[in-house]
Amino acid sequence: VQLQASGGGLVEPGGSLRLSCEHSGFPLGSLAISWFRQKPGKEREGIACIVLTDGMTLHKDSVKDRFTLSRDDVKNVVYLQMNSLEPEDTGVYFCAADLSACAVTLAANQLGPFGSWGKGTLVTVSS
């Protein structure tokens with residue numbers, strides 16, 4: 001069971017980044033991949049989630065007009081395209097896998113008992 005997030009970096013306000021989450025070792029089932037972010041000094045927050053079986057996505061209101069989820073089932077990668085980035089988007093971004101429903105994960109800002117975390121990738125939005 002492995003998750004690997006990548007694609008973070010330094011970007012100017014208004015810019016874009018695409019984060020990738022490579023996942024392996026999970027039975028497909030009703031697996032969902034979620035993105036969480038942890039802003040400096042804040043708790044980790046779930047911001048977006050995609051169900052791998054049907055591609056259904058869910059986004060928090062704070063990002064839904066700017067961030068988009070997609071998946072490549074051949075490469076086992078989930079992407080988080082982040083546009084119109086703001087300094088407030090600065091933080092460490094984590095991807096996670098879980099069998100819980102996306103709505104539950106994002107509302108709780110945490111994983112269920114069968115969830116797994118990947119290592120984070122730092123996103124810094126600054127001029």
Side-chain angles (χ1 to χ4, degrees):
V1 173
Q2 290 189 335
L3 290 160
Q4 182 65 53
S6 61
L10 174 64
V11 63
E12 293 186 348
S16 298
L17 278 176
R18 188 178 76 163
L19 304 184
S20 300
C21 177
E22 296 182 54
H23 56 90
S24 63
F26 296 97
L28 191 58
S30 59
L31 191 71
I33 300 291
S34 296
W35 284 95
F36 286 71
R37 72 181 173 192
Q38 189 163 18
K39 298 180 180 181
K42 302 289 187 181
E43 296 289 323
R44 198 174 296 187
E45 174 194 21
I47 58 172
C49 180
I50 183 168
V51 181
L52 295 186
T53 50
D54 61 10
M56 186 205 76
T57 60
L58 188 65
H59 299 74
K60 281 275 181 74
D61 286 346
S62 58
V63 304
K64 69 179 181 179
D65 294 328
R66 301 182 295 123
F67 293 6
T68 304
L69 281 166
S70 62
R71 74 193 199 277
D72 184 326
D73 293 337
V74 175
K75 296 180 179 179
N76 285 344
V77 179
V78 168
Y79 301 102
L80 181 68
Q81 178 67 44
M82 306 188 296
N83 298 327
S84 302
L85 283 162
E86 305 166 350
E88 293 72 25
D89 295 314
T90 293
V92 180
Y93 285 68
F94 301 85
C95 64
D98 203 354
L99 297 177
S100 298
C102 282
V104 173
T105 299
L106 297 192
N109 291 317
Q110 63 184 14
L111 302 182
F114 303 104
S116 294
W117 291 99
K119 292 184 179 180
T121 184
L122 177 64
V123 172
T124 303
V125 185
S126 175
S127 55

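Residue indices begin at 1 and follow the sequence shown.
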*Could you check if a side-chain atom of Phe67 sits within less than 4.5 angstrom of a side-chain atom of Leu85, using non-hydrogen atoms only?*
yes
What one should report as the nearest heavy-atom pair of Leu58 and Leu69 is O-CD1, 4.4 Å
| said: Is there a side-chain contact between Ser62 and Arg37 in this structure, where contact means two heavy atoms from C-beta onward sitting under 4.5 Å apart? | reply: yes
The side-chain contact (heavy atoms from CB on, under 4.5 Å) partner of Arg66 among Gln81, Met82, Glu86, His59 is Glu86
### Query
Between Ile50 and Phe114, is there a shared hydrophobic cluster once you connect ILVMFWY residues whose side-chain heavy atoms come closer than 4.5 Å?
yes
| task | Check step by step if side-chain contact (heavy atoms from CB on, under 4.5 Å) holds for Thr57 and Thr68. | result | CA-CA 9 Å; Thr57 60; Thr68 304; over 6 Å; no
> So do the side chains of Glu22 and Lys75 get within less than 4.5 Å of each other, counting heavy atoms only?
Replying inline: no
Are Cys102 and Val51 side-chain neighbours, meaning at least one heavy-atom pair lies under 4.5 Å? yes
Taken to the nearest 0.5 Å, the spacing of Gln4 CD from Asn76 CG works out to 14.0 Å
In terms of heavy-atom contacts, Ser127 and Pro13 come closest through N-CD, 3.7 Å
- Query: Is the closest side-chain heavy-atom distance between Arg71 and Ile33 below 4.5 Å?
  - Reply: no
Connected via hydrophobic side-chain network under 4.5 Å: Leu19 and Leu3: yes
Can a donor-acceptor pair be found, under 3.5 Å and without considering hydrogens, that links the side chain of Thr90 to the backbone of Val125? yes
Value for NE2 (His23) from CG (Leu31), rounded to nearest 0.5 Å, stands at 7.0 Å
Excluding Val92, membership of its hydrophobic cluster (Ile, Leu, Val, Met, Phe, Trp, Tyr; side-chain heavy atoms within less than 4.5 Å) reads Phe36, Phe94, Leu111, Trp117, Leu122
In terms of heavy-atom contacts, Ser16 and Asn83 come closest through OG-OD1, 2.9 Å
Quiz item: Taking C-beta and beyond as the side chain, do Trp35 and Val63 meet within less than 4.5 Å on heavy atoms?
Solution: no
So OH of Tyr93 and CD of Glu45: to nearest 0.5 Å the spacing works out to 9.0 Å
On a heavy-atom basis, the closest approach of Ala5 and Lys119 is CB-O, 3.5 Å
For Gln2, is the CD atom crowded, meaning more than 12 foreign heavy atoms sit under 6.0 Å from it?
no
Could you state whether Val11 and Leu80 fall into the same hydrophobic cluster, counting links through intermediate Ile, Leu, Val, Met, Phe, Trp or Tyr residues with side-chain heavy atoms under 4.5 angstrom apart? yes
